[in-house]
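Reckoned from all heavy atoms, side chains included, excluding hydrogens, waters and symmetry mates. Note that the structure is a prediction, hence the values are computed from the model and not measured.
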Amino acid sequence: MIVSLANFGLIQFDDSIQFGNLPIKAFLVNLLILILFLIELSKLTLQVNQLKIHPALVFILSFIVVIIIGTGMLLLPNATTDGISLVDALFTSTSAVCVTGLIVLDTSSDFTFLGQFIILILFQVGGLGMMTFTSFFGFFFKGSYSLQNQLFLKDYINEDNIGAINSTLLKIIVFTLITEGIATILIFKIIDQGLFDSTGDQLFFSVFHAISGFCNAGFSILGNGLYEVGFREEYTIHLIIAFTIILGGIGFPVVLGYFNYLKHVVVDSTKMITKERAYQHAPRVVNVNIRLIVYTTSILFLIGFVTFWVFESNHALAGLTGYGKFVTAFFGSVTPRTAGFNTVDMSSLAMPTILIYLILMWIGASPGSTGGGLKTSTIAVAVLNVVSIAKGKDRVEIFKRQISNETLQKAFAVILLSFLVIGLGVFLVLLFDPWLPLVSVAFEIFSAFSTVGLSLGITGDFSTGSKIVVTVIMFLGRVGTLTVLVAFVQKARTLRYKYPEEGVFIT
């Protein structure tokens with residue numbers, strides 16, 4: 001019996017049953033305290049719109065608050081095995097909240113079960129976004145949103161229809177829980193039980209990696225990641241995590257768009273079969289944004305898969321079975337898109353693969369997802385603009401729609417800012433740690449900015465200055481450099497004048 005009823009109707013738990021390295025009773029008590037904290041924080045979040053500050057600044061502050069809370073929690077004596085410095089705690093907390101996965105301490109050995117659980121909560125909150133996460137709990141326990149709350153939340157969940165904010169928020173949370181739940185069950189059922197000391201360890205491994213995969217966090221409780229001995233041959237588990245990464249990185253707008261489309265098809269088809277009414281044409285729920293993201297994502301996956309298969313045939317793929325080669329190449333095309341897991345020895349990768357990884361990491365996941373990076377829609381718009389200029393067209397058109405000039409301007413602004421931040425990051429790290437290889441440093445900074453978490457093995461060698469630089473870059477990569485500028489630069493008033501136009505030579 002797991003539980004037994006004691007006198008006075010109290011429930012007593014069998015302390016021999018453990019989750020991680022904590023007795024089940026201690027774990028449930030800590031979980032209850034965490035839930036109560038989230039409830040109170042969520043109620044407070046619903047009042048944030050009364051602060052009269054820019055929404056972009058609120059978005060930035062929400063991540064800063066979680067990072068500070070996470071830093072404090074990781075500094076707890078029971079969170080680590082041998083203690084942790086303030087800088088390392090800040091770095092780890094930022095990496096978790098910004099769903100990056102870069103580590104200066106070994107998650108498997110330097111953190112206790114409590115520390116690992118704290119990291120799990122941090123990247124779960126960071127993956128969904130602090131405002132999305134707490135707003136859901138706030139609504140759940142308060143029961144309603146004010147109009148102010150709805151206006152404040154619409155930009156965070158990419159919902160233009162104010163009346164649909166509640167349902168959209170609920171769909172995001174439900175989709176997240178269902179995906180993570182299914183991934184947890186599949187991992188738990190399929191993985192070799194002999195790799196774990198207990199069922200509790202196996203369950204925690206499944207939960208941790210399912211959430212880390214969906215949130216594109218890249219954290220693992222294995223010393224060498226998924227390349228750990230015994231786990232590196234679990235190819236079906238790698239596939240499950242890869243598809244979980246894809247679902248988390250494709251973006252909630254894409255998932256909700258196709259959900260609404262399929263819902264319309266099923267409902268109208270059912271009514272047509274029952275002769276209730278004729279089939280009606282589906283509304284334009286799968287818009288240009290969604291289609292552009294899906295096409296771009298598919299192209300990047302194909303490029304990553306083919307190049308990994310070709311360039312790593314005599315390196316990472318050497319000696320593997322046919323199924324193993326396919327899964328490893330597929331995983332190798334998925335993970336640099338802000339996921340950060342590794343199923344191969346990263347230090348053994350061929351140089352062409354590393355260069356391809358730099359490009360894939362820089363582009364990253366899709367907007368409105370748990371991942372980071374430049375975003376697929378941004379690079380797609382930039383490429384379409386280049387093609388239009390080459391063709392001599394004065395506008396950008398795709399799928400019988402015209403891309404607005406504002407979108408083009410934002411795309412190239414984001415690209416420029418990304419180069420500036422990455423370039424400055426590489427310069428500063430080499431300034432603080434000049435003995436580190438340039439390629440490894442560049443790989444690290446690209447990984448940090450795009451919140452990927454892949455590394456060529458130099459993260460633990462960083463000096464304090466380099467750790468702070470990478471911490472800031474991880475933060476900028478997650479909240480967005482353009483968001484930071486919008487939050488702190490005063491918005492120009494409507495221009496009621498126009499100067500004469502004059503060309504500038506560009507070749």
**Q** Roughly how far apart are M474 CE and S447 OG, rounded to 0.5 Å?
**A** 9.5 Å

**Q** Once you round to the nearest 0.5 Å, how far does OG of S466 lie from CZ of F432?
**A** 6.5 Å

**Q** Between the main-chain N or O of A89 and the side-chain N or O of S93, is there a donor-acceptor pair closer than 3.5 Å?
**A** no

**Q** Would you please test H209 and I221 for side chain to side chain contact (heavy atoms under 4.5 Å, CB included) and show each step?
**A** CA-CA 8 Å; H209 287 80; I221 53 176; 3.6 Å; yes

**Q** Suppose we screen for side chain to side chain donor-acceptor pair (under 3.5 Å). Which residues come up paired with T236, at least two apart in sequence or across chains?
**A** Y323

**Q** Tell me the closest heavy-atom pair linking G332 and Y357, and the distance in Å.
**A** O-OH, 2.9 Å

**Q** For Q193, I'd like to know if atom CD has over 12 heavy atoms of other residues, nucleotides or ligands within 6.0 Å.
**A** no

**Q** Just to verify, what does K325 make a side chain to side chain donor-acceptor pair (under 3.5 Å) with, not counting sequence neighbours?
**A** none

**Q** Keeping T335 on the side-chain end and F341 on the backbone end, is there a donor-acceptor pair under 3.5 Å?
**A** yes

**Q** Side chain of R337, backbone of L300: donor and acceptor closer than 3.5 Å?
**A** no

**Q** When you measure from the side chain of T100 to the backbone of G453, do you find a donor-acceptor pair of N or O atoms at a distance under 3.5 Å?
**A** no

**Q** If I take atom OG1 from residue T92 and atom CG from residue L74, how far apart are they, to the nearest 0.5 angstrom?
**A** 6.0 Å

**Q** To the nearest 0.5 Å, what is the distance between CZ on F449 and OG1 on T451?
**A** 9.5 Å

**Q** Locate the shortest heavy-atom distance separating L195 from G230; write the atom from each residue and the value.
**A** CD1-O, 3.7 Å

**Q** Kindly give the heavy-atom pair with the smallest separation between E228 and G223, and that separation in Å.
**A** OE1-N, 3.4 Å

**Q** Taking T112 for its side chain and N78 for its backbone only, find out whether a donor-acceptor pair lies under 3.5 Å.
**A** yes

**Q** What donor-acceptor contacts under 3.5 angstrom involve side-chain atoms of residues 174-190, with partners at least two apart or in another chain?
**A**
unit_1	atom_1	unit_2	atom_2	d
T176	OG1	I172	O	2.8
T179	OG1	F175	O	2.8
E180	OE2	Q124	NE2	3.2
T184	OG1	E180	O	2.7

**Q** Name all residues meeting the side chain to side chain donor-acceptor pair (under 3.5 Å) criterion together with W362; count only those two or more places apart in sequence or in a different chain, and write none if there are none.
**A** S418

**Q** Return the OG to CG distance between S85 and L105, rounded to the nearest 0.5 Å.
**A** 7.0 Å

**Q** How close do V99 and G126 get, counting heavy atoms only, and between which atoms?
**A** CG1-C, 4.1 Å

**Q** Rounded to the nearest 0.5 Å, how far does CZ of F91 lie from CD1 of I103?
**A** 9.0 Å

**Q** Output all residues satisfying side chain to side chain donor-acceptor pair (under 3.5 Å) with S313, sequence neighbours left out; order by chain, then residue number.
**A** none

**Q** Return the set of residues passing ring-ring contact (aromatic ring centres under 6.0 Å, His included) with F330 (not counting sequence neighbours), or none when no residue passes.
**A** F243

**Q** What side-chain donor-acceptor pairs closer than 3.5 Å can you find for residues 210-219, not counting sequence neighbours?
**A**
unit_1	atom_1	unit_2	atom_2	d
S212	OG	G218	N	3.2
S212	OG	F219	N	3.0
S212	OG	F219	O	2.9
N216	OD1	T338	OG1	2.8
N216	ND2	G213	O	3.2
N216	ND2	F214	O	3.4
N216	ND2	I245	O	3.3

**Q** Can you give each donor-acceptor pair under 3.5 Å made by side-chain atoms of residues 344-352, sequence neighbours left out, with the distance rounded to 0.1 Å?
**A**
unit_1	atom_1	unit_2	atom_2	d
D345	OD1	S347	N	3.2
D345	OD1	S347	OG	2.8
D345	OD2	S347	OG	3.2
S348	OG	D345	O	2.7

**Q** I'd like to check the side-chain contact (heavy atoms from CB on, under 4.5 Å) partners of A79; sequence neighbours left out, ordered by chain and number.
**A** L76, I118

**Q** Would the F111 and F117 ring centres measure less than 6.0 Å apart?
**A** no

**Q** List the residues meeting ring-ring contact (aromatic ring centres under 6.0 Å, His included) with F196, not counting sequence neighbours, and say none if there are none.
**A** F205, F231

**Q** Mind checking what makes salt bridge (Lys or Arg N to Asp or Glu O under 4.0 Å) contact with K467, not counting sequence neighbours?
**A** D88

**Q** So, using side-chain contact (heavy atoms from CB on, under 4.5 Å) as the criterion, who are the partners of S108 when residues are at least two apart?
**A** D106

